[in-house]
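To keep things clear, I will list the structure first and then write my remarks on it.
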Amino acid sequence: MKMKFSKIWRPALALLLFLFLWEGLTRFLEIEPWVLPAPSLIMKEMIEVFPSFTPHIISTVKLVLIGFTFGILAGITTATILHVFPKVRETIMPFLVISQNVPIIVLAPLFMIWFGMGDFPKVLIIAMTAFFPIAIATLDGFGQTDRELMHYMKMMGATRKQIFFKLQLPHAIPSIFSGIKIAATYSVMTGVVAEWLGAQQGIGVFMTLSASSYRTPRVFVAIVVTIILSLAFFGLFLALEKLFTRWNREGVEK
Amino acid sequence: MKMKFSKIWRPALALLLFLFLWEGLTRFLEIEPWVLPAPSLIMKEMIEVFPSFTPHIISTVKLVLIGFTFGILAGITTATILHVFPKVRETIMPFLVISQNVPIIVLAPLFMIWFGMGDFPKVLIIAMTAFFPIAIATLDGFGQTDRELMHYMKMMGATRKQIFFKLQLPHAIPSIFSGIKIAATYSVMTGVVAEWLGAQQGIGVFMTLSASSYRTPRVFVAIVVTIILSLAFFGLFLALEKLFTRWNREGVEK
Amino acid sequence: MSLVIEELSKSFGDRLILSNLSFTLKRGEFVSIIGPSGSGKSTLFHVIGGLLVPEEGHITLNGTKITGERGHMSYMPQQPSLFPWRTVLQNATLGSELSGAPNEELAKQLLQKANLGDMLKAYPHQLSGGMKQRVAFIRALLSPQSIMCLDEPFSALDSFTKKDMQRWLLETWEQYDKSILFITHDIEEALFLSDKIIILSTNPATIKEIVEVPFSRPRSNQLYLSEEFLQWKKKIVENLL
Amino acid sequence: MSLVIEELSKSFGDRLILSNLSFTLKRGEFVSIIGPSGSGKSTLFHVIGGLLVPEEGHITLNGTKITGERGHMSYMPQQPSLFPWRTVLQNATLGSELSGAPNEELAKQLLQKANLGDMLKAYPHQLSGGMKQRVAFIRALLSPQSIMCLDEPFSALDSFTKKDMQRWLLETWEQYDKSILFITHDIEEALFLSDKIIILSTNPATIKEIVEVPFSRPRSNQLYLSEEFLQWKKKIVENLL
Amino acid sequence: QGEEKSKDSEGQSNSESQEDLKKVQLFLDWTPNTNHSGIYVAKDQGYFEEEGLDVDIMLPGEVRTEQIVATGKAEFGISFQTQVTQARAENIPVVSIAAIIQQNTGGYYTPTDKGIKTPKDFEGRVYGAYGSDLEKSMLQAVMKKEGGDAEKVDMVQVGNTDYFIATKRDVDFVNIFYAWTGIEGEVRGADMHFIKTIDYAPELNTYSPVIITNEEMIEQDPETVQAFVTAVLKGYEYAIENPQKTADILIAEEPDLNPELVKRSQEWLSPLYQEDAPVWGTQEEKRWVDYAKFMYDENIIDVEVDASAAFTNQFIENAKK
Ligand SMILES: Nc1ncnc2c1ncn2[C@@H]1O[C@H](COP(=O)(O)OP(=O)(O)OP(=O)(O)O)[C@@H](O)[C@H]1O
Ligand SMILES: Nc1ncnc2c1ncn2[C@@H]1O[C@H](COP(=O)(O)OP(=O)(O)OP(=O)(O)O)[C@@H](O)[C@H]1O
Ligand SMILES: [Mg+2]
Ligand SMILES: [Mg+2]
């Protein structure tokens, strides 16, 4: 516990300082709240709207959780397939890159035309954006397996499956987490953006509504919540990473 | 050269097949061009608009090149600083995650107020989105340095600088490229999106104009060009990666 | 159960490493391979194990060609090659795991015997060089294949631990009726353990001589001091030059 | 130039590894350390080299305390620890590079001598085990520090290559006036090379005995066959038990 | 086809859905605002239900409402005469079935201290465009009256940003609808100057916004269209009569909107819904023809659009019967 605290106080202090500066600046320069609201104002607004905001948050979180889960699964699965079948990799790789380059905003109408108005197209978009960094990082992780360990496995007649599950997968874990952390950072924001493409509820809806009625403090409430969720998400996977690579830290460090 | 060809024909064939199917489907189902234009139509449109489109492309490419270069530099530099000063890492890390979670669309007006309408805010946005995957992947790469090699360096009294430049940096190269490849994939699209927030020229401008006059084939021309640029970008860094990790493939593979 | 190597050749790029090697490992035989550093001993193992495909020649196991096939032997590589995310115990059982029948109890016993009883849950980076080698050795012992290829298994061990391991290897060999190919730099070790010693030349590696070791089994430590032993040792040293 | 180790103790977690070790390495002295596998020899090097900080005791170099300080010795680790992205030549010069004075010409010469002349541009994964060890050895030789800590430098070499390297080490040692700490499992090697042999016990490692080797220098290969040599060897073996 | 639609929208239906009600979707053009009041009233007052409809109101986000409606993914949408004309020029079969506001309340908006008084002053200034081919032609049309030249205006795309913020710095003027953004300026007490488009270019007096559906709906399912228009017509008539209550309804339906803005905007807009038209929603063919011609002449569209097919008054007329 004590260690935990020692890890927390530094960013907490920095955050406080940052908020303090921000508050001071907005007051000192008399910046209008609709240009940049002061943190205190955002806080006040947050408390005020919280009850009506909660269902929006829950809706977005649900969307993101589902989408991200699929994204992780799809990312790792794709990387696995591409790794196991190099010919498929050569064939598919350009399509993967392509899939990441059709701007969501452009895809949106097509998605809606193809998949209708439900949660599906949104989940798909979240999964699609999450999937790519995970797939690339995982693929790179698979490619960097220790040569000597690989030789051992091959000499012992390990099947491809064994090589994969006993060597390449565990070896790629840090890389996989690297990809997941990158993707996790974006996932909440992607969820919010995805909601712009036709939703009835969610942080994104709340944000557009607030923006179009020029309630800047509320827009910032939405941003703050997005950020908090993202941090929580990032933290979750950081913790999972620590758990999965514990062997690396066991024993006395030199 | 022959090897090169053997690598290319597979995705090329797949692409052809894909285009063929697409063409066939649009014709067979009589899909209206404003829902999904046939490749042949896109091609025709492309040839037609090319002269007037070229300056837009050049403008975007310039933007992306500059922004991405800064993104790489910032990413690696940040990762280096965070790696060398673990306390700074703890303090700053949440801010990095935060920085990736303020939706561009929300930042845009603020950026415009702060930095005006020139290229700077766009370059900044491209750099900002590119920087994060690179920083995270690089940081993870630095963290995975081989233990034995590290012991050797320390025993020999290597300075932190030497350890960094002779061991950690080269060791992290595959991870750095992993991050760069992820970022490269997004960079062109980010550039296009960034142009929506204030530009006079660029693929993004062309795309919105076409979309707002329901010229779907032109929108697709813009998408296709975005994709080609992204692929070129991705390919560039793939080639650079191969170059930088050549040692890994020298000699006879087992 | 006999392994026949016929006219094996292998190059890396332009460099011919193994040139026209032929020999036989009979069932239950213990054959050592000695030769200069860099001559191609480990490469020979890689070819036999199917990791590398020879340009010429065949490998036959019990009359079946297995050139380029993998998994027919249990293998201890020259570098311990332990998996860093597995504990000592998990590493020891890996070889048998691959064949589907890990025996954790037996692994624990063997590790205990090798003075690694305290370290069952330790990770490789917490071990000394010799300890790693012993884990890799036990991993090979526990693999069920009846032919064992050991690449300098005891090079990092002090003389007493080494003696223990040797004794133990002989026990296992006799008890489970295994055939052993054994790379070593230690001529005395080769003489003490094997039925046959294959002496390789270098650049490229050819078979200089195959020495049949005449000592009867079981062999006692007294053997080391006998005149005959020293004579044989001298003979081999001369052969190596 | 004398290195004094005083009452050194070091544990990993609850396990006491080194207990109260004291000895001296005088200027120009060649001291070997032998002891069972896993006793703590490499750990001792890590403490002397400053990688680990001892719980008790000091290390003094020429009267200055250097406990926990790094960079005072040239070091050859037990695993070759070559950098995979550096060629053989680049690996060999790494140690001297760190001190700012890489001498590529000298490196090439030494590599040539070690039969690695063809491999200057090869990468570590293209080397045999013994070749890697030789590169690591040359890397240590080329490092400019006047004290060398060598952790089983010749364990992966055949007897002839090993002899070459030993001869060569002695030459360098004499020529450049270095002091050497040398871990080995080979008692004959220790006797042949050193002025003093430190025998360690295990669990935890204490100094069992420090044997002064009486043979005059230069020593010839004949020494191995002398009665006196065998006598000393026996004595040490008994001591180790 | 309508049956399929109702399946798609399951799970996001409103609580009041009943078995015998026909589910339809309405796509807005933007976030809910006072332009949409009549629809929210119709929903709140049960006019839709009376007509046997259950209407889902969808926010469009970045999706083009016209395309969604044209493909039948949504039955109805809010659009603009300009958009409908342009869409039809690209063979997108949408039809305007009612005009929400008779006039174009749009215009150019600039901070007073920028010193822009009339369209002539646009020259040498920076225009923050929302991103459409039309904008240059519109500028030209507005500036022409005083002999200005739109070529001398710097166009920068600013997209969907907060116009007040945009005009704080490099952008000198933007295009807005007064009913919402203009009122917001009043609420804020921002010192802004508004140049109404139709004061300078009457040919730009388009119906904005309008309610659209697609040709297939009109052909296959005119009953539903009729039911929808009938309900909406009642809604807007209520809104014209009761601005206060209407504002309250909209605020209750979309609590995230700024109530003060809604109230004042409703106050301002209510008289404009119908103006001098015989019935709310009526559209004149001449205005469609003129505008299509304007666009064609300006090379914004490549084909001459049959203006009479772009709109219909039949449902408004039937509703009054
Ligand atoms: N990082 C570590 N964490 C925990 N225990 C360690 C660590 N490093 C070494 N040890 C333990 O310290 C003891 C001594 O190890 P050391 O490597 O010094 O042995 P050694 O004498 O060099 O043996 P060998 O001859 O086999 O190389 C061993 O029991 C080992 O398990
Ligand atoms: N992957 C490779 N690519 C190119 N050359 C290689 C490769 N692997 C080994 N060699 C070369 O093959 C030769 C034989 O190597 P090998 O490892 O078989 O030697 P060895 O007899 O086991 O030596 P040692 O006793 O030192 O382990 C060496 O010259 C080495 O440089
Ligand atoms: Mg070898
Ligand atoms: Mg050791």
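Quick note on labels: first sequence line is chain A, next is B, and so on, each numbered from 1. Just the heavy atoms: all of them, side chains too, but no hydrogens, waters or symmetry mates, feed the values below.
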* Could you tell me which portion of C:Ser155 (side chain, backbone, both or neither) has an atom closer than 4.5 angstrom to a non-hydrogen atom of chain D? => both
* To do: Would you check if the side chain of D:Asp158 reaches a backbone N or O of C:Ser37 as a donor-acceptor pair within less than 3.5 Å?
  => yes
* Asked: Heavy-atom count around C:Glu56 CD within 6.0 Å, excluding the residue itself: above 12?
  -> no
* To do: Report yes if the side chains of C:Ser159 and D:Val237 come closer than 4.5 Å at any heavy-atom pair, otherwise no.
  => no
* Asked: Between C:Arg134 and D:Gly38, which heavy-atom pair has the shortest distance, and what is it?
  -> NH2-N, 4.3 Å
* To do: Write down the atom of C:Ala156, the atom of D:Gln78, and the distance for their closest heavy-atom approach.
  => CB-NE2, 4.4 Å
* **D:Leu116, part contacting chain C, at a heavy-atom distance under 4.5 Å** => neither
* Checking D:Lys132 against chain C: side chain, backbone, both or neither under 4.5 Å from a heavy atom? -> side chain
